[in-house]
Amino acid sequence: MLRNLLASRRTLLGCLLLGMILWGGSSAFADPTAPVAIDSNTDKVNSGDTAWMLTSAALVLMMTGPGLALFYSGLVRRKNVLATMMQSFILMAIVSVVWAIVGFSIAFDAGNPFFGGLHFAFMKNVWMFPSEYAPTIPFSTFMVYQCMFAVITPGLICGAYAERMKFSAMLLFSVLWLLVVYCPLAHMVWGKGGLFNFAMQPGGSLKFPALDFAGGTVVHISSGVSALICALVMGKRRGYGKIPMAPHSVVISVIGAALLWVGWFGFNGGSALSAGGGASSAFVATHFAAAAAALGWMFAEWLKTGKPTVLGAISGAVAGLVVITPASGFVGPMSALIMGAVGGVVCFFAATSLKHALGYDDSLDAFGVHGIGGTIGALLTGCFAQQFFNPSVPDSAMNGIFFGGKQLGNQAVATVISWVLAIVGSFILLKITDVVCGLRVSESEEFDGLDITQHGERGYNLEEEFGGTVLDGGSSGSLGSAITGTQTKVSHA
Amino acid sequence: MLRNLLASRRTLLGCLLLGMILWGGSSAFADPTAPVAIDSNTDKVNSGDTAWMLTSAALVLMMTGPGLALFYSGLVRRKNVLATMMQSFILMAIVSVVWAIVGFSIAFDAGNPFFGGLHFAFMKNVWMFPSEYAPTIPFSTFMVYQCMFAVITPGLICGAYAERMKFSAMLLFSVLWLLVVYCPLAHMVWGKGGLFNFAMQPGGSLKFPALDFAGGTVVHISSGVSALICALVMGKRRGYGKIPMAPHSVVISVIGAALLWVGWFGFNGGSALSAGGGASSAFVATHFAAAAAALGWMFAEWLKTGKPTVLGAISGAVAGLVVITPASGFVGPMSALIMGAVGGVVCFFAATSLKHALGYDDSLDAFGVHGIGGTIGALLTGCFAQQFFNPSVPDSAMNGIFFGGKQLGNQAVATVISWVLAIVGSFILLKITDVVCGLRVSESEEFDGLDITQHGERGYNLEEEFGGTVLDGGSSGSLGSAITGTQTKVSHA
Amino acid sequence: MLRNLLASRRTLLGCLLLGMILWGGSSAFADPTAPVAIDSNTDKVNSGDTAWMLTSAALVLMMTGPGLALFYSGLVRRKNVLATMMQSFILMAIVSVVWAIVGFSIAFDAGNPFFGGLHFAFMKNVWMFPSEYAPTIPFSTFMVYQCMFAVITPGLICGAYAERMKFSAMLLFSVLWLLVVYCPLAHMVWGKGGLFNFAMQPGGSLKFPALDFAGGTVVHISSGVSALICALVMGKRRGYGKIPMAPHSVVISVIGAALLWVGWFGFNGGSALSAGGGASSAFVATHFAAAAAALGWMFAEWLKTGKPTVLGAISGAVAGLVVITPASGFVGPMSALIMGAVGGVVCFFAATSLKHALGYDDSLDAFGVHGIGGTIGALLTGCFAQQFFNPSVPDSAMNGIFFGGKQLGNQAVATVISWVLAIVGSFILLKITDVVCGLRVSESEEFDGLDITQHGERGYNLEEEFGGTVLDGGSSGSLGSAITGTQTKVSHA
Amino acid sequence: MQMIEAVIKPHKLDAVKTALAKLGILGVTAVECKGFGRQMGHTERYRGAKMDVGFVPKVLLKICVKSEESAKAVSEIVEAARTGEVGDGKIFVYPIAEVVRIRTGEKNEQAL
Amino acid sequence: MQMIEAVIKPHKLDAVKTALAKLGILGVTAVECKGFGRQMGHTERYRGAKMDVGFVPKVLLKICVKSEESAKAVSEIVEAARTGEVGDGKIFVYPIAEVVRIRTGEKNEQAL
Amino acid sequence: MQMIEAVIKPHKLDAVKTALAKLGILGVTAVECKGFGRQMGHTERYRGAKMDVGFVPKVLLKICVKSEESAKAVSEIVEAARTGEVGDGKIFVYPIAEVVRIRTGEKNEQAL
Ligand SMILES: Nc1ncnc2c1ncn2[C@@H]1O[C@H](COP(=O)(O)OP(=O)(O)O)[C@@H](O)[C@H]1O
Ligand SMILES: Nc1ncnc2c1ncn2[C@@H]1O[C@H](COP(=O)(O)OP(=O)(O)O)[C@@H](O)[C@H]1O
Ligand SMILES: Nc1ncnc2c1ncn2[C@@H]1O[C@H](COP(=O)(O)OP(=O)(O)O)[C@@H](O)[C@H]1O
């Protein structure tokens with residue numbers, strides 16, 4: 001007990017130090033970045049672009065709920081189905097509130113290469129006027145679209161700690177993680193003046209313009225690698241590898257995967273921030289990558305184990321969507337198809353052979369799919385990108401190495417930094433959370449399931465005949481029968 | 001029996017009288033309103049606005065099916081799951097047909113302050129040309145978007161009479177309710193020349209311009225209050241308060257709630273009738289209110305009972321969506337957040353403490369969430385509205401009281417009138433329905449469940465092994481095996 | 001065995017011959033068609049139209065997954081639920097890949113009246129520039145929208161061979177069918193210079209301009225009639241007509257049907273290829289037809305059997321959507337309502353009385369709904385079409401017979417040719433598939449269910465308590481517990 | 001000791017449990033089951049195919065009691081579970097050779 | 001009277017019921033169960049984790065008959081339920097001390 | 001022969017099966033059931049309505065053994081299934097008149 005606490009204290013101290021160094025260091029890089037320009041002329045708002053971006057925002061929210069909620073909760077055991085859904089659902093709520101208060105500002109206000117400022121805190125100035133980020137749509141549309149990305153990213157991590165994390169710990173960790181890992185990384189990649197931002201970098205010298213169209217690093221590497229850390233720090237589920245932990249309903253996982261696929265059109269297609277050739281190109285790349293990856297995983301599995309599983313096909317599709325995410329706006333349809341196929345096969349081996357060889361318990365393969373898939377995607381973007389498909393890329397030197405460019409290097413740098421940030425950040429935050437409220441439920445709670453122990457509910461009450469007792473509720477008042485005077489007529493069959 | 005009938009007769013008489021007074025009275029108010037202008041120039045149709053409105057219409061239909069169908073059917077017992085889904089689904093059908101024939105016209109044709117005329121009956125003139133209501137989209141788009149609102153509103157009431165109403169009664173009541181309560185109320189609030197219409201009121205003196213962006217009064221108060229009347233008139237489910245009536249699958253309710261959240265972007269965002277700052281602002285308000293309300297309900301419950309339930313979180317989100325509905329186009333993001341939080345907490349107490357204290361059996365809390373939530377929302381709109389967020393508001397005096405305006409009064413008037421209309425209308429229509437076909441199923445039917453007794457089906461046939469007999473179907477003809485001549489090759493494993 | 005093989009050989013030979021005749025014959029018709037024009041000026045891309053078309057594409061994919069996957073898998077027995085979902089899901093993958101490689105080109109490149117050329121193979125030239133097909137959206141948007149149609153069409157056939165076809169056979173057959181039946185038919189109806197294309201036919205004499213707005217012939221007749229052939233060639237499920245084969249979960253079928261309804265707005269509304277009056281008109285027609293058909297089927301059943309079933313109502317809605325598909329862009333709202341009602345009633349009899357009278361086992365009524373519904377729809381389009389609702393129709397002689405035109409004849413020709421192509425094509429392809437890998441699973445596999453025998457999975461593991469053994473996976477490595485040094489703190493309740 | 005097995009209508013479970021509790025019998029094991037007998041299952045229809053479900057859902061209760069309590073327990077169950085309509089179910093009484101409480105290893109009457 | 005308990009393959013349920021009906025035995029109670037024995041469960045794979053399900057789904061039938069009918073009933077069940085493959089199941093026959101029909105209170109042979 | 005019926009905690013199933021296998025007993029039939037007894041069910045809350053589930057999920061095992069093996073089997077089950085907490089369950093031993101293996105028609109001890 002004491003030793004644990006001491007250990008934790010020491011860890012904490014280390015963390016604080018590291019944090020200060022990072023924060024301090026960041027100011028060294030800081031160029032005086034001009035504030036984000038907001039155009040008070042709403043005439044420039046384009047209704048078509050706005051329509052598409054609002055639709056995309058809705059689609060991206062649908063990816064978390066019900067998409068991810070279903071995909072993940074189908075894979076857990078019956079006793080944890082609601083708790084797993086709740087993780088997705090409550091992130092829709094809590095991340096959005098944090099985003100409104102301060103998250104968006106950290107990510108998208110101009111600032112140093114690592115953090116944004118606080119001009120947009122409490123949604124100040126985030127109204128109907130278009131901004132520099134997307135000059136044809138209201139700034140509030142841009143903000144809410146980005147909000148949906150912030151919602152899903154910590155949601156992806158849930159796959160790693162499913163079936164054993166305390167609900168309170170999960171809430172705390174997710175909020176911290178959003179502020180410490182996600183928002184800074186989003187700032188680096190997409191924020192004005194961010195370290196990797198290729199489009200809006202006011203002349204910084206220490207910069208690595210990286211291509212990340214819709215969040216290969218920001219969303220998938222960050223969450224996938226953090227998921228690995230979660231799996232390692234939290235340890236395995238009790239009985240893992242000894243008792244079977246078969247998915248309680250692949251049926252609902254299939255629904256979830258299909259909705260993820262559909263929603264991803266908003267995720268990638270919407271990242272064009274307008275409705276035109278760019279969105280269309282990203283949409284197509286997304287679709288073909290998912291298709292090829294589903295086949296890739298399925299056929300790899302069919303060859304290796306003799307049976308093509310449904311869970312394999314849907315996992316493959318998701319892997320393909322992950323892989324294409326950073327590339328979607330920069331590659332042509334056939335490149336997307338190839339990237340998807342590669343991603344499907346590699347993630348198959350990551351989520352099966354690799355995981356079992358190393359023996360960590362990433363319950364739902366958040367690392368195998370998002371961590372590995374995101375990494376592959378970021379690197380392959382440096383192979384397949386073509387300026388042709390995205391005129392906003394300033395220089396054809398940023399083409400992938402297969403198309404005469406030399407972008408692979410910068411992609412690797414961005415990838416490594418994302419890994420490091422995710423590893424260090426998640427480790428520290430898990431330790432903090434552990435100290436504050438403990439990470440894991442007790443053995444008996446894990447045995448009884450999170451649904452009943454964390455939430456006091458069960459997912460399915462299909463055997464209604466076994467009764468029970470109403471302890472409280474519904475019996476005290478009598479309005480229901482009294483007020484109407486004469487009883488309502490009841491027809492007899 | 002006889003007494004019941006007599007009582008019913010007397011009630012009916014009273015109703016008729018009241019109806020005539022209302023109708024008569026209405027003509028007293030009637031100003032000669034100009035017909036709804038339709039512009040035969042399709043050039044003014046804006047593709048972006050149309051794209052958004054069609055998308056929104058699809059989203060709003062998705063709220064009813066599968067959204068509401070799932071949300072509600074998860075909360076009933078297994079034996080009533082299909083019947084509850086059917087209520088939502090069949091309203092998608094029957095309301096749409098009635099809407100085409102006459103409903104739309106009553107609501108949106110110019111008329112007196114209470115009813116529209118019949119110029120649009122049978123969809124006459126409701127074609128591709130834009131109208132005065134929304135000058136940048138086809139009138140047919142406006143009509144079908146409004147149709148989706150008419151579909152979901154009676155659907156919300158289902159929550160109150162779930163698990164005990166006859167299917168035929170439910171059909172009859174819903175159609176009558178649509179014509180007698182919904183359409184007139186929609187006309188008052190949104191119809192040209194309507195009593196509360198602030199935008200299109202040609203100089204009427206006896207008017208109360210009210211702010212109801214997307215239907216706080218028209219949709220939520222009307223349905224929620226009617227739900228209370230249903231619960232009171234129909235009486236409790238047998239065994240209510242004595243035997244547990246746990247939701248048979250909170251899992252599918254979570255799916256439903258998430259789809260409601262996503263669909264609500266169309267509901268509120270679409271109510272701007274165009275894709276620009278207004279839609280964006282309403283979209284953002286919707287999202288933040290839902291998020292804050294989910295947290296509000298969850299934390300209130302956590303504090304009060306010691307456990308944060310999943311059903312609580314999703315109910316909270318829905319409550320927040322209800323509360324923000326009338327306000328969504330008039331308030332800023334932080335106001336929305338506060339409104340949502342308030343709504344979540346208040347509805348928590350309404351659906352738990354209040355209901356149990358009074359003892360009526362509003363099975364799925366249609367009143368607690370929509371009636372209370374809608375009322376709070378209508379009133380808070382009178383506190384938080386800001387002309388800044390909606391330039392179509394003619395006068396900054398219509399700001400909420402927190403922003404220097406004095407709109408609260410009119411909001412209260414609109415709220416009260418909506419309550420009265422819903423109470424009186426629903427009571428009368430329930431009595432009529434009771435006389436015509438009886439409201440409740442018999443005791444034994446209620447016991448066996450509505451699925452089997454009303455529809456002859458069961459929701460889940462998971463134990464397929466127990467066989468049974470095919471009485472009829474599939475055995476008479478022989479085309480299936482005969483026509484192909486040689487039997488198809490069957491491979492043996 | 002030998003006899004079967006010989007029989008198959010003979011069949012094959014016949015098929016090849018027939019194929020050659022067809023192909024040869026086709027060149028006789030061939031006019032030298034100009035290539036599809038592509039406009040390298042992206043300025044003509046309209047953001048609103050593009051927004052709507054991307055949204056529509058997403059909606060149409062959602063129809064297959066999760067829509068169709070749910071609708072169909074709810075109707076099979078528990079042991080086949082995953083296999084049935086997999087059929088829809090894997091088609092999303094494999095059809096898309098084939099479409100990218102060659103399918104799109106066959107369907108939409110200019111060519112002879114029956115096939116397109118190969119200019120668009122491997123997605124060559126299918127980029128962000130608008131094309132002749134839809135001059136306001138990127139060609140890639142058009143391509144991916146059409147891709148979603150190609151995905152769902154073979155998916156519809158699954159309903160006929162559900163619960164008994166080998167997974168490998170299903171894959172092979174679907175790909176062949178896409179190339180041999182779907183792509184040519186799509187070319188004839190929508191492709192430049194196609195046999196039935198009314199809009200883009202450069203002066204061919206042997207042409208039958210047919211109205212098929214969104215695929216009554218291409219999608220529904222082709223798949224529905226092929227489904228009948230599948231049912232006949234494959235024979236009945238074992239025990240059909242003797243043991244009950246009740247749907248294992250009408251609940252998920254209702255979700256599926258509702259999503260189909262919503263998605264169909266993209267299917268029909270998107271077929272306008274722009275966001276304006278045409279899309280709006282198609283959207284409205286779609287909605288009213290579905291509504292009327294749900295009521296039509298339900299009331300027909302209620303009258304005939306005494307109970308309105310939920311499965312009936314949702315089947316009716318789907319039937320109405322099928323019927324209106326070819327007509328949606330050409331008819332007014334009230335015509336749509338009538339067409340839907342007729343379709344609902346007729347399909348009710350087709351899927352119940354007709355099927356049982358003839359005795360084939362079309363497991364999920366793919367023929368009864370899509371074959372019959374598509375046929376009715378194609379013919380009724382020739383009755384109700386009005387140039388008024390679609391100015392792109394060149395001539396008011398193409399009005400339906402109820403509106404002074406004489407289009408019914410051409411509609412009949414297109415219908416007959418679609419039937420013939422579907423019958424001949426499917427029969428041949430089934431025989432080929434049978435020779436290559438066998439169509440049906442073995443008796444014991446059919447008995448154990450396709451989930452476990454084809455995919456090695458079960459859909460629901462609700463009784464987790466009965467344990468089992470982990471044979472492999474998760475136990476070898478030890479990273480999960482080792483790396484973190486100190487065990488994570490586990491809180492005790 | 002004897003084992004009483006009672007096949008009853010599911011909604012009578014609570015009444016039976018209450019009746020047993022009055023006799024001081026608190027231990028019961030319940031199993032979902034399907035009954036075939038005089039009472040008929042209901043009819044379902046899916047796309048025009050009419051099917052008879054054949055069975056009726058029942059609950060099978062197992063109650064182990066001391067032999068001398070058996071008669072009383074049976075008559076109480078009969079009382080509590082009766083509706084008077086076909087399908088009320090049956091009670092079967094078995095002789096039992098031995099009973100053990102797993103937690104303590106106690107045997108027979110002490111184990112109840 | 002005796003209680004026949006037969007553990008059979010689920011798809012043989014109909015055949016067994018038909019066979020019993022021929023003997024005039026219409027009352028049966030059926031319970032879903034899982035059998036462990038010589039017959040092996042199947043193998044499933046989820047993301048590369050291979051697992052053996054261990055059990056095989058079976059149906060447990062309970063049929064109470066007069067002692068003199070028992071032998072005939074058992075042999076009819078054996079006949080109807082046999083496929084000849086491993087896993088066809090077992091029949092257990094128990095002595096019964098008493099039977100009661102809940103609806104009427106009738107006892108023993110009258111209660112069947 | 002005797003029929004051992006053991007009502008156990010579900011997660012003890014594997015341990016019990018292993019223990020029986022050590023005695024050479026491989027045939028077992030398992031039934032999901034709900035137990036009412038000293039151990040209490042948990043509490044659930046739905047929209048403020050608090051309800052007590054009443055029962056606890058258990059597994060009922062049926063193991064038919066030769067009479068002479070019965071005592072040993074029972075004590076092994078007790079060993080394997082015990083956690084020491086309330087709700088560990090009970091074992092009931094019934095006399096059996098006859099056992100038949102359906103596949104072969106073999107009787108009694110040969111049938112096991
Ligand atoms: N001979 C029997 N053996 C086992 N169970 C029986 C027997 N007869 C009846 N049952 C069970 O008792 C239930 C009620 O029997 P049924 O004949 O329907 O009504 P009743 O007991 O009122 O005559 C049946 O559903 C079945 O589960
Ligand atoms: N000793 C036993 N006690 C209880 N049930 C048994 C016993 N032996 C077998 N069974 C049941 O009988 C079923 C069939 O037994 P199994 O050994 O698989 O095949 P067979 O009966 O053909 O030898 C098992 O699945 C199990 O349910
Ligand atoms: N008299 C009884 N008859 C049948 N089953 C019983 C009896 N008493 C207990 N049981 C079963 O045994 C289980 C455990 O009993 P319980 O009283 O909770 O704990 P313990 O066995 O440790 O005293 C119960 O859940 C019930 O299923």
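All values below were derived from every heavy atom in this structure, side-chain atoms included, with hydrogens, water molecules and symmetry-related copies excluded. Numbered from 1 within each chain, the chains take letters A, B, ... in sequence-line order.
Interface remark: C:M148 contributes side-chain atoms only to the contact with chain A (heavy atom separation under 4.5 Å). Proximity to chain C involves both the backbone and the side chain of A:I255, based on heavy atoms less than 4.5 angstrom apart. The contact between A:T309 and chain C is made by backbone and side chain atoms together, counting heavy-atom distances below 4.5 Å. Residue A:P333 touches chain C through its side chain alone, counting heavy-atom pairs closer than 4.5 Å. Neither the backbone nor the side chain of A:L430 comes within less than 4.5 Å of any heavy atom in chain C. Interface residue C:A57: backbone and side-chain heavy atoms are both found under 4.5 Å from chain A. A:I314 touches chain C through backbone and side chain together, each having a heavy atom under 4.5 Å away. C:F139 does not touch chain A: none of its heavy atoms, backbone or side chain, sits under 4.5 Å away. Looking at C:I452, only its backbone comes within 4.5 Å of chain A, counting heavy atoms on both sides. For chain A, the nearby parts of C:T141 are the backbone and the side chain; heavy atoms of each come within less than 4.5 Å. Using a 4.5 Å cut-off between heavy atoms, A:W302 touches chain C through its side chain atoms alone. With a 4.5 angstrom heavy-atom cutoff, A:N46 touches chain C only via side-chain atoms. The part of A:A317 that comes within reach of chain C is its side chain, from C-beta onward, which places non-hydrogen atoms under 4.5 angstrom from that chain. Of the two parts of A:A169, neither the backbone nor the side chain holds a non-hydrogen atom closer than 4.5 Å to a non-hydrogen atom of chain C. Of the atoms belonging to C:A58, heavy atoms from both backbone and side chain fall under 4.5 Å from chain A. Contacts between C:T453 and chain A at a heavy-atom distance below 4.5 Å involve the backbone alone (N, CA, C, O).
Once rounded to the nearest 0.5 Å, the distance linking OG1 of C:T55 with CH2 of A:W52 reads 5.0 Å. We find the CE-OG distance between C:M85 and A:S253 to be 9.5 Å, quoted to the nearest 0.5 Å. In this structure, C:L54 CG and A:S280 OG are separated by 5.5 Å, a value rounded to the nearest 0.5 Å.
Between C:V97 and A:F288, every side-chain heavy-atom pair lies at or beyond the 4.5 Å cut-off. A:W261 has its side chain within reach of C:M92: a pair of non-hydrogen atoms, C-beta onward, lies under 4.5 Å apart. Using a 4.5 Å heavy-atom threshold, the side chains of C:M86 and A:M298 count as touching. Residues C:L61 and A:F265 have side chains in contact (heavy-atom distance under 4.5 Å, counting atoms from C-beta outward). You'll find the side chain of A:H248 reaches within 4.5 Å of the side chain of C:L462, heavy atoms only. No side-chain heavy atom of A:F389 sits less than 4.5 Å from a side-chain heavy atom of C:S140.
Side chain of C:E457 to backbone of A:V310: a donor-acceptor contact under 3.5 angstrom is found. With hydrogens and angles ignored, the 3.5 Å screen pairs no side-chain donor or acceptor of C:N461 with any backbone N or O of A:A246.
In plain terms, the two heavy atoms of C:G456 and A:K307 that are nearest each other are N-CD, 3.6 Å. When all heavy atoms of A:A51 and C:A51 are compared, the pair lying nearest together is CB-CB, 4.4 Å.
Aromatic ring centres of A:F388 and C:W127: separated by under 6.0 Å.
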*Check against side chain to side chain contact (heavy atoms under 4.5 Å, CB included), C:M62 and A:L59*: CA-CA 11 Å; C:M62 191 187 74; A:L59 284 171; over 6 Å; no
